Amino acid sequence: MRKTPALALFGAIAQGSLAAAESVPRGVGPEFVKYYKDKSAFTCISTPSVTLSFSQVNDNSCDCPDGSDEPGTAACAQLDSLSPEQPLPGSVTGTTNTTNPLPGFWCANAGHIGAYVPFMYVNDGVCDYELCCDGSDEFAHVGGVRCEDRCDAIGKEHRRLEQQRRESRERSAKKKQTMLKEARQLRLRVEANIASLKKEVAGLESKKVELQKKYEEVERSERNRVAKGGEKGGKLSTLVELSKKRVSELRNALDVVMDQRDDLLDRVEQLEEILTKLKEEYNPNFNDEGVKAAVKSWEDYAASRADEKKADLTDADILVLLREDGETSGINWAEFENGDDGDADAGFNWLPAPARDFARGKLDSLRIWAMDRGIVADTRGDVGESRAVKAAREALDTVNNDIASKQAALEEQQRDLAKDYGKDDIFRALKGKCISTEAGEYDYELCWIERTTQKSKKGHGNTNMGNFVRIDTEMADEEERADGKGLGRGLRMVLRYENGQGCWNGPQRRTDVWLACAETEELWRVTESEKCVYKMEVGTPAACEDIQEPSASAKDEL
């Protein structure tokens with residue numbers, strides 16, 4: 001059985017023309033019945049100047065230049081567009097360029113769908129059931145071929161498949177509605193995140209202004225404190241810092257000395273053990289003056305050790321000295337660090353409080369001005385940064401880092417909101433999801449609205465085939481597949497993925513992702529149409545059309 005040709009024409013059977021078709025010549029389709037009603041004569045359809053006797057219709061002789069007198073035979077098959085060009089006596093051009101107004105031999109296919117068969121298929125000894133399931137195109141039984149009527153079984157199977165496709169389309173449409181709902185919720189979530197981040201950034205900016213002001217005030221106060229302490233060199237805070245530093249150095253030195261002492265004591269103990277063993281084990285009858293002198297010296301040393309006075313400072317006492325200063329041990333420096341600044345501005349004490357504060361403020365400003373210009377030495381490096389300044393600076397740094405982090409998140413969310421996710425943002429529901437398929441020695445992966453990837457099964461790494469750029473539409477012109485996993489014919493969405501990894505001696509890879517309707521996301525096929533240019537055929541509910549409710553006047557196809 002031959003495949004259905006691309007030029008074959010299909011048509012639904014008109015209910016009102018079935019009875020009329022019985023009274024017209026064989027092979028006449030419902031829409032051409034009107035040309036064959038007059039039984040006294042026949043006028044050629046596209047050449048009305050030629051009139052024939054009605055007996056010449058279907059007499060297996062091509063009498064009309066357009067072949068319309070042979071709707072039920074192959075006599076005018078040379079006019080078929082699938083036939084090779086041949087001379088045609090009587091035609092204007094003398095060739096088969098004359099067009100036959102009839103699309104072919106009409107098979108009524110009762111119980112199924114009526115269809116036209118190319119004239120060259122009529123009585124060719126082949127049962128073309130995919131077009132003419134009733135077998136009427138082989139009425140002459142050429143070569144003894146008899147084509148039984150299979151329209152009931154074929155029609156039943158066709159209706160079953162159509163029902164499956166219809167149900168699949170309905171499920172796909174429902175899945176699409178679910179995706180649209182999810183996409184709307186995700187977009188609302190992004191918009192809410194943007195609003196929240198803007199509010200947080202505004203709050204942090206206000207907090208930053210306050211912390212900046214506080215930091216400047218604390219630093220100003222610290223600079224003034226240091227400036228005043230540097231005038232006479234006797235300020236308590238300066239002395240506290242220097243004393244604290246000196247005590248720390250002495251404590252560290254004592255810790256080192258204790259470690260060295262312990263090491264020396266260990267070595268002395270080892271030597272004493274060696275000499276004790278020598279004294280106990282040497283032979284006194286052995287006349288060796290050197291050994292005798294060494295033993296005598298050890299005995300004197302041991303005797304002196306017995307009379308040695310123990311030290312009043314124990315190791316426990318030393319460990320107490322080595323403890324860190326704080327509220328419970330050593331010196332509590334905090335009591336002195338925030339003490340009185342001294343007598344530098346004691347001359348204002350006789351003034352009333354408001355006037356005294358004003359005078360001190362002016363004096364502080366003058367000191368800082370002089371320190372900034374080198375008139376008074378800047379002694380901050382001598383005493384280090386105070387705890388108050390450090391805390392204020394760290395608080396300001398923290399809020400600056402928070403602002404930078406929130407700003408980055410806000411910009412990311414704004415870019416996502418502006419990104420093309422298709423009509424009604426439907427592909428937002430697929431964001432972050434990937435599908436894949438095997439093809440030869442590679443696995444191919446599509447990550448929605450992100451990238452396409454080629455993965456070697458031999459462990460040679462992954463190749464970026466393109467990054468998502470935009471959504472286009474383009475016409476598809478492919479035969480319908482029996483399994484429904486194909487693009488078919490019509491306008492299709494195409495996702496463009498570009499600027500992938502460069503080919504060796506070639507351009508950067510790119511991928512065109514063609515979409516067709518399916519119940520789930522499936523990557524059907526991957527082809528390389530040209531060097532480093534790939535085509536992916538993908539099924540997804542996002543590409544499905546909305547189901548339209550049938551109108552009251554709609555009729556069944558049978």
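A quick note: this is a predicted structure, and the numbers were derived from the prediction, not measured.
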- By salt bridge (Lys or Arg N to Asp or Glu O under 4.0 Å), Glu412 pairs with (sequence neighbours left out) none
- Among all residues two or more places apart in sequence or in another chain, which pass the salt bridge (Lys or Arg N to Asp or Glu O under 4.0 Å) test with Asp149? none
- Query: Do the side-chain N and O atoms of Asp59 and Ser61 include a donor-acceptor pair separated by under 3.5 angstrom?
  - Reply: no
Can [X] and [Y] be counted as an ion pair, charged N to O under 4.0 angstrom?
X	Y	result
Arg393	Glu219	no
Arg160	Glu157	yes
Arg146	Glu148	no
Lys175	Glu519	no
Lys207	Asp402	no
Asp424	Arg184	no

- Query: To the nearest 0.5 Å, how far apart are CD in Glu170 and SG in Cys544?
  - Reply: 12.0 Å
- Nearest 0.5 Å please: distance from the CZ atom of Arg451 over to the CG atom of Leu446. 10.0 Å
- Member of Lys485, Lys535, Arg492, Arg525 meeting the salt bridge (Lys or Arg N to Asp or Glu O under 4.0 Å) criterion with Glu478: Lys535
Is there a disulfide between [X] and [Y] in this structure (defined here as SG atoms under 2.5 Å apart)?
X	Y	value
Cys132	Cys127	no
Cys44	Cys64	yes
Cys133	Cys151	yes

- Test ring-ring contact (aromatic ring centres under 6.0 Å, His included) applied to Tyr36 - qualifying residues, sequence neighbours left out: Phe42
- Residues two or more places apart in sequence or in another chain: which of them pass ring-ring contact (aromatic ring centres under 6.0 Å, His included) with Phe32? none
- Message: Is it the case that atom NZ in Lys419 sees more than 12 heavy atoms from other parts of the structure closer than 6.0 Å?
- Response: yes
Under 4.5 Å between any side-chain heavy atoms of [X] and [Y], yes or no?
X	Y	result
Lys423	Met493	no
Lys198	Ile194	yes
Val538	Glu521	no
Gln163	Arg159	no
Tyr444	Ser436	no
Ser168	Arg171	yes

- Query: What pairs meet the side-chain hydrogen bond (donor to acceptor under 3.5 Å, both in side chains) rule with one or both residues in residues 500-509, with sequence neighbours excluded?
  - Reply: Arg509-Tyr534
- Message: Which label fits Trp448 and Phe427: parallel for a plane angle under 30°, tilted from 30 to 60°, or perpendicular past 60°?
- Response: parallel
- Message: Could you work out, with side-chain contact (heavy atoms from CB on, under 4.5 Å) as the rule, every residue matching Asn123, not counting sequence neighbours?
- Response: Glu138, Phe139, Ala140, Val142
